[in-house]
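What follows is a set of notes on a single structure, which appears directly below.
Keep in mind it's a predicted model, so treat the numbers as computed, not measured. Every chain is numbered from 1, with letters handed out A, B, ... down the list of sequences. Note: hydrogens, waters and symmetry copies are ignored here, and every other heavy atom, side chains too, is used.
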Amino acid sequence: MAKARKHPALSGLQEWERGPLKASLARLPERRQSFATSSGLEPRRLYTPLDLAGLDYARDLGFPGQPPFTRGVQPTMYRGRFWTMRQYAGFATAAETNRRYRYLLKHGQTGLSVAFDLPTQIGYDSDHALALSEVGKVGVAVSTLADAKTLFSGIPLDRVSTSMTINATAAVLLAMYVAVAEGQGVAPAALQGTIQNDVLKEYAARGTYIYPPAQSIRLTTDLFYFCRKHLPRFNPISISGYHIREAGATAVQEVAFTLANGIAYVEAALAAGLDVDGFASRLSFFFNAHSHLVEEVAKFRAARRLWARIMAERFRAKRPESLMLRFHAQTAGSMLTAAQPDNNVVRVAYQALAAVLGGAQSLHTNSRDEALSLPTEESARLALRTQQILAYETGVADTVDPLGGSYAVEALTDEIEDQARGYLKRIDAMGGAVKAIEAGYMQSEIAQSAYRWQKEVERRERVVVGVNEFQVPEPAPRRLLRIQGSVESRQKAGLRAFRASRPQGRARGALDALKKGAQGRENLVPLILAAVKARATLGEVSDALREVFGEHKER
Amino acid sequence: MQRKIRVLIAKPGLDGHDRGAKVVARALRDAGMEVIYTGIRQTPEAIASAAVQEGVDFVGLSSLSGAHNHLFPRVVSLLRKLGAREVQVFGGGVIPAADVPRLKKAGVREIFPPGTSTQDIVGWLLRAARKARP
């Protein structure tokens, strides 16, 4: 063993193990036989320089802002500028959501993040039969250009960056965003933000797919191309592990499946004729900030290093920016408890700390009431304050990668990278992420992890404070945000008026052109933009593509 | 020999969050029940007719999108319309306590809030099945 070769710490360690440690264990056994992270990694009692004997500083860590970016993507990190505080928000109609955005911006939020309702995400207008009772519930309803205009009214789109959680209908919403900006006098080239546009994880974990995978990926890469040409400051995808983790995956699976999907997108973009160094620097990522603090910090660092290596070794990217994994983080919604909701404030604070210690570029902190409903204004503000306290009061933002060099963090970073590589090998052997998803591999791995977690909680091998330990009789929950039925009727009335007031021939013509384009090979985003400008609705555009592409059915 | 308890676990509406539905389906299977999982994005009509075709004793509905007040009662009433009154409907997901009385009044037998142990769900089904066919 190269590691054990007479490291100066070795004899001391052996002495310590035989002496004080043994005596201590005899007096007081440890809390449990074995310790395990969420990924089933077994964190050791103690890490020492021996664990880092194989670490090559220049090769494995390097300096911030330089490959492999283990220590961060910028040289000064948060000393230059804090992460973007970007609270995911949206509910009811565009008017209500616009008020919430202005409220959050007034209280110091630094970027917007749009949550759309399920009909909008799945390409149904608010008056579609399947939209019944879903309108405005988990996000804002946007069926028309008029809705989009209201959503951003009074918000200068040349100065605020906007993230949109939208996938199957990403091209439609981006087209609306461009059209709204033009209406404000803002050129597409000035727009900054991110569109999620990651449909692979929808099949694997989140569920808002419409079309079969091949057609969906065509739309994804069409958006890559369009953004590169017209919105050079916009991230055309946010490759998301967040939802994979929420669905039950471990930290290792989150990294592995996300990067596997990333590889699939890069391959698709290359196949569509894009040059790797032309688009790779605009790929962005989205991870979960879960509760095991040390594992999470190691996870973010491992993901950065592994992606840099994949881009360099596998895709021969040349520009350093092409190797850079920039990510947004959101605290783990699935860790929020309905019991003793104020405890969630504390959970979220620790999870947010993990994201910042892990070098996130932007962050959403969940609100305490989200195990039961969307957050009230008050809860949303408290979640934002949690980030501000972290930024301004704790000092963790004053040093780049402050845990870098920690024996434990570096050892876990290695272990997560290794195990994620193992998964990537298996996925490659299946023919890549798309095949692995079509075969149900990712889904079944995730479901198994979710079940294991639940059983561990039920056996009290995992303590969830307030749920399986330290319970109290629950008082009636405090005021929750309710979405009234009137939202749906107001939304439908707006939609009727919108359809009635437009020149019908133009909308129909644009939709026909889109269908024709979909049958061929041309880039669909300009056609979608033309349809949106001709006042075709989100549902109409999606239906036109459904006609040509068909719909995906879960196996 | 007693027939196994048959359960349909279903995701009505557009919600794609099926972690809980899958965990419950597997826990019921591990407890010896026969479980059919519909997959996500099912209409109440499709769920009710699947329940009748499969001859299940229970339908378990999961929703995290806030559409439960419409979707759950709709499944109950469609089952009645199809003459399957004996099928018992239960549910879970992100459902505020304030909505539970209304859902029960509409014929949903039980609602399991976030944080429920799967053992509690198994126990409830066993008791409810015994009561239904002693």
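Within 6.0 Å of CD in E461(A) there are more than 12 heavy atoms belonging to other residues, nucleotides or ligands.
Contacts between D99(B) and chain A at a heavy-atom distance below 4.5 Å involve the side chain alone, from C-beta outward. For P113(B), no part lies under 4.5 angstrom from a heavy atom of chain A. Heavy-atom distances place both the backbone and the side chain of L132(A) under 4.5 Å from chain B. With a 4.5 Å cut-off on non-hydrogen atoms, T116(B) touches chain A through its backbone but not through its side chain. Only the side chain of T43(B) comes within contact range of chain A, with heavy atoms under 4.5 Å apart. Looking at N69(B), the atoms closer than 4.5 Å to chain A (heavy atoms on both sides) all sit in the side chain, from C-beta outward.
Ion pairing of R41(B) with E551(A) is absent here, as no side-chain N (NZ or NE/NH1/NH2) approaches a carboxylate O to less than 4.0 Å. Of the charged side-chain nitrogens involved, at least one lies within less than 4.0 Å of a carboxylate oxygen, so that K455(A) and E458(A) count as a salt-bridged pair. Between K104(B) and E110(B) there is a salt bridge, since at least one side-chain N of the basic residue sits less than 4.0 Å from a carboxylate O of the acidic one.
Of the listed residues V464(A), L372(A), V457(A), the one with more heavy-atom pairs under 4.5 angstrom with chain B than any other is L372(A). If you tally non-hydrogen atom pairs under 4.5 Å between each of G466(A), A371(A), A447(A) and chain B, the highest count goes to A371(A). Put simply, of I122(A), L130(A), V467(A), N468(A), the one with the most heavy-atom pairs under 4.5 Å next to chain B is I122(A).
At a cut-off of 3.5 Å, with distance as the only test, a side-chain donor of D15(B) or H17(B) sits close to an acceptor on the other residue. If you check the side chains of D117(A) and T120(A), you find a donor sitting under 3.5 Å from an acceptor. Side-chain contact check for T250(A) and R452(A): no donor-acceptor pair (N or O, by modelled atom type) lies under 3.5 Å. Side-chain contact of S291(A) with Q351(A): a donor-acceptor pair under 3.5 Å is present, judged by distance alone. Looking only at atom types and distance, the side chain of Q454(A) has no donor-acceptor partner in the side chain of T118(B) under 3.5 Å away.
For residues 333-347 of chain A, the interface with chain B (any heavy-atom pair closer than 4.5 Å) comprises S334(A), A338(A), sorted by residue number. Listed by sequence position, A205(A), R206(A), G207(A), T208(A), Y209(A) are the residues of residues 202-212 of chain A in contact with chain B, using a 4.5 angstrom heavy-atom cutoff.
Within the 3.5 Å criterion, the main-chain N or O of F91(A) finds a donor-acceptor partner in the side chain of T97(A).
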